[in-house]
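Heads up: the structure comes next, in structure tokens.
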Amino acid sequence: MTAKDVISTHHDLLPMRSVDQEMPLLEVLPHLLDAPGRLLGVAGEDGAPVGVIDEVSMLEGLGRLIAPRDDSSVLLVECAPHDYSASLLARAVEDVDAHLVDLISHPADRGMMHVTLRVRATDPTQAAMSLERYGYHVIEATHADNPDAGVLAERLASLQALMDV
């Protein structure tokens, strides 16, 4: 997903800063957070403005990136920053024939990190046990059809803290 995929239709203002329409959405986020009024222009190939991105359109775009799936589960893992390894997390999940769909990492209390993993497995138990064997502390493990309120609240809090909303 790129900047052009989250253009807002709610603004007629021309922002002072802009990004290229092909910039990946996750690279756009820091630019939006630094932009005056949290309004960011989107420029086409010729540099001409094609639209704007605001906080609402960014959140909607990020929501589409992490949309729930019927065949997946969500696990919340805690680790020290020096123990974080996306490849090791993926290996732990794939050791039990599950597949890592995506992950989001964010700071937690006491200098720790939280990593939210979405894995393609209807039952997260085996993936959670494998992550524990690899030395990660699994805080929550739930099927995506019925996500635990704590996991959802933590995801929302992390996103809000990032957006400073």
Restricting to non-hydrogen atoms, name the atom on Leu40 and the atom on Ala35 that form the minimum distance, rounded to 0.1 Å. CD1-CB, 4.2 Å

How long is the gap from OG1 on Thr116 to CD on Glu140, to the nearest 0.5 Å? 10.0 Å

Common cluster, Leu103/Val119, ILVMFWY with side-chain heavy-atom separation under 4.5 Å: yes

Rounded distance [0.5 Å steps], CZ in Arg17 versus CD1 in Ile53: 14.0 Å

Where Ala90 and Leu100 come nearest, the two heavy atoms and their spacing: CB-CD2, 3.8 Å

To the nearest 0.5 Å, how far apart are OH in Tyr136 and CG in Leu76? 14.0 Å

Within the structure provided, determine whether Leu117 and Leu131 are in side-chain contact (heavy-atom separation under 4.5 Å). yes

Atom CE in Met113, atom OG in Ser105: separation rounded to 0.5 Å? 4.0 Å

How long is the straight-line distance from CZ of Arg38 back to CG of Leu32, given to the nearest 0.5 Å? 7.0 Å

If you look at every heavy atom in Ser130 and Ala92, which pair is closest and at what distance? OG-O, 2.5 Å

Validation row: Val93, His99 side chains within 4.5 angstrom (heavy atoms): no

Determine the minimum heavy-atom distance between Leu75 and Ala141, stating which atoms define it. CD2-CB, 3.8 Å

How far does CG of Leu89 sit from OH of Tyr134, to the nearest 0.5 angstrom? 10.5 Å

Taking every heavy atom of Ala43 against every heavy atom of Ser18, the minimum-distance pair comes out as CB-OG, 4.3 Å

Salt-bridge contact Arg120-Glu94 (side-chain N to carboxylate O under 4.0 Å): no

Could you check Glu78 against His137 for side-chain hydrogen bond (donor to acceptor under 3.5 Å, both in side chains), going step by step and ending with a plain yes or no? CA-CA 5 Å; Glu78 183 177 67; His137 174 64; 4.8 Å; no

In the single-linkage hydrophobic clustering (I, L, V, M, F, W, Y; side-chain heavy atoms under 4.5 Å), do Met112 and Ile139 co-cluster? no

In terms of hydrophobic clusters joined by side-chain contacts under 4.5 Å, are Val138 and Val96 together? no

Looking at Glu27 and His31, what are the two nearest heavy atoms and their distance? O-CD2, 3.0 Å

Among the clusters formed by ILVMFWY side chains lying less than 4.5 Å apart, do Met58 and Val50 turn up in the same one? yes

